[in-house]
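Note sheet for the following structure.
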2 protein chains.
Amino acid sequence: MSEEKIRVGLVEDQLLFRQGLKAILSYQKDIEVVFESADGYSVIEKLSAGKDLPHILLVDLSLPPNGKKEYNGLQLTDDICSQFPDIRVLILSVHNDDNLIAQLIQHGAAGYLVKDCDPHEVYDAIQSVHVKGTYINETALKAIQSNLGKRSKPKALSAALNLTKREIEILQLICQQNTTEEIAEKLFISPKTVDGHRNNLLQKTGSRNTVGLVLFAVSQNLLSK
Amino acid sequence: MSEEKIRVGLVEDQLLFRQGLKAILSYQKDIEVVFESADGYSVIEKLSAGKDLPHILLVDLSLPPNGKKEYNGLQLTDDICSQFPDIRVLILSVHNDDNLIAQLIQHGAAGYLVKDCDPHEVYDAIQSVHVKGTYINETALKAIQSNLGKRSKPKALSAALNLTKREIEILQLICQQNTTEEIAEKLFISPKTVDGHRNNLLQKTGSRNTVGLVLFAVSQNLLSK
DNA sequence: TCAAAAACAGGTATAAATACCTGCTTTTAA
DNA sequence: TTAAAAGCAGGTATTTATACCTGTTTTTGA
């Protein structure tokens, strides 16, 4: 397992940063930096040559355009994954945007690192990707979790019109699938009181039944807590 | 860092498997199995007691129902994440379904392991989750990648729970605040049939009542047509 | 073509929610 | 300070939902 070194390719336009990375990685005895590149196009060319293929590519997200055409880390990731599926892409970026991270992962990136991370994390990430195929840290996981299944963010949390604090409280408990009895227990009040609050809620929200209450709560973003 | 042991809780109904896990983990000097549980309900109870809280919960996906009510690993994950956000949930499962995995991650699981993985991977996963907060292996990454783009496909995630076309239809009508009778009229079937479908939905989604169904439908984007 | 899954539909229960009442106390705000 | 609003809680009654059975027919897929 430890006989062969992990072959790493660096794709980063800033020379100084690239050299620094190389220095850090070359210090590790199980890593070999097999090539460097300052832009995306030359990466594809070099890989197409077909020798000394890296296991892992460390790719800067914000690569410079080649000539007139834009060719950033996201596009490069796409191309690498389709043309060289055996090569893993580890993204480096200064940004820390959930949607961006999720998008990159979706396009086949094996992991995401912010540029100001600990040097040791880069090494960890490379090892992790080499062994398991992935490196998802907490930041990336959060990005993924918040983007799985979501499409758009209305986020218009309207301060629920006429609802009182207690009514909102009851509504939230209803939306947690509690029965009237259970809500009463949790709030130390009579089930009849809960009943009364729910009836007020039905009336205020114009709902026919609990289903309407839940939909209202969802639409008003009352379930975030 | 290595002074304190990683406190792990096991949630697994099969005694033999649980004991085996415990044996494997106890062998590691930096891991301490602080409690075991055979079902989801007792986990919440134990955690609510509030002492010896585990850092990480190893949770079997297919937990047995408590009495008549279903309470599987997915629901437990939900509850742990909302009630005990500091505790990380690592899912163990025999299944290897992309949609299922993505769904679990989305619901807050820190990682996913198949039950026939190498014992060493369990240890790796626990360490990884403890240090980085996550453990996403290649299998899980693929699941995530293939699901990140499916946001506009309502049926995608529902398929993980094997909802039939008819069940989805019923679910949508329920979410439009129709009663069982009304749904029956609209679909020209018996109310008893609607009843049956709704019961299947409750079972499949692991919901306690209609509220759960609505929340499920919302989360799965089944209401946008 | 054959077996499995889905859809269908019935019974019998109980649990829960909903629709109206009534009246009382506490909190809030003019 | 005082009236209104909110919260509380009881009653009765009905409707709806849920649980757990049973079974048949239809559709689906290997």
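So you know, we letter chains A, B, ... as the sequences are listed, proteins then strands, and number each from 1.
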Measure [atom1]/[X] against [atom2]/[N] and give the value in whole Å, please.
X	N	atom1	atom2	answer
Leu201(A)	dA6(D)	CG	C1'	13 Å
Asn199(A)	dG10(D)	CG	P	16 Å
Ile168(B)	dA6(C)	CD1	C1'	13 Å
Asn200(B)	dT18(D)	CG	P	13 Å
Ile170(B)	dA7(C)	CD1	P	9 Å
Leu202(B)	dA16(C)	CG	C1'	13 Å
Glu182(B)	dT15(D)	CD	P	14 Å
Glu167(A)	dA6(D)	CD	P	7 Å

Quick one: which protein N/O atoms are closer than 3.5 Å to N/O atoms of nucleotides 9-13 of chain C? Pair and distance per line, please.
| residue | atom | partner | partner atom | Å |
| --- | --- | --- | --- | --- |
| dA9(C) | OP2 | Ser190(B) | N | 2.6 |
| dA9(C) | OP2 | Thr193(B) | OG1 | 3.2 |
| dG10(C) | OP2 | Ser190(B) | OG | 2.9 |
| dG11(C) | O6 | Lys192(B) | NZ | 2.8 |
| dT12(C) | O4 | Lys192(B) | NZ | 3.0 |

With respect to the phosphate group of [N], does any side-chain polar atom (N or O) of [X] fall under 4.0 Å of OP1 or OP2?
X	N	value
Arg198(A)	dT18(C)	yes
Arg166(A)	dC8(D)	yes
Thr164(A)	dG7(D)	yes
Thr210(A)	dT18(C)	yes

Item to check | Neighbour count >12 (heavy atoms, 6.0 Å) for atom NZ, Lys142(A) | outcome: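 Open: at most 12 neighbouring heavy atoms sit under 6.0 Å from NZ of Lys142(A).
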Checklist entry - Can you name the residues that form a side chain to side chain donor-acceptor pair (under 3.5 Å) with Arg7(B), not counting sequence neighbours? => result Glu4(B)
For [X] and [Y], test the side chains for any donor-to-acceptor distance below 3.5 angstrom and give the result as yes or no.
X	Y	value
Ser93(A)	Tyr112(A)	yes
Tyr123(B)	Asp118(B)	no
Glu185(A)	Asn178(A)	no

Checklist entry - Does a side-chain heavy-atom distance below 4.5 Å link Leu187(B) with Ile170(B)? => result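 Heavy-atom side-chain distance check passes, below 4.5 Å.
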Item to check | Salt bridge Asp60(B)-Arg18(B), side-chain N to carboxylate O under 4.0 Å | outcome: no
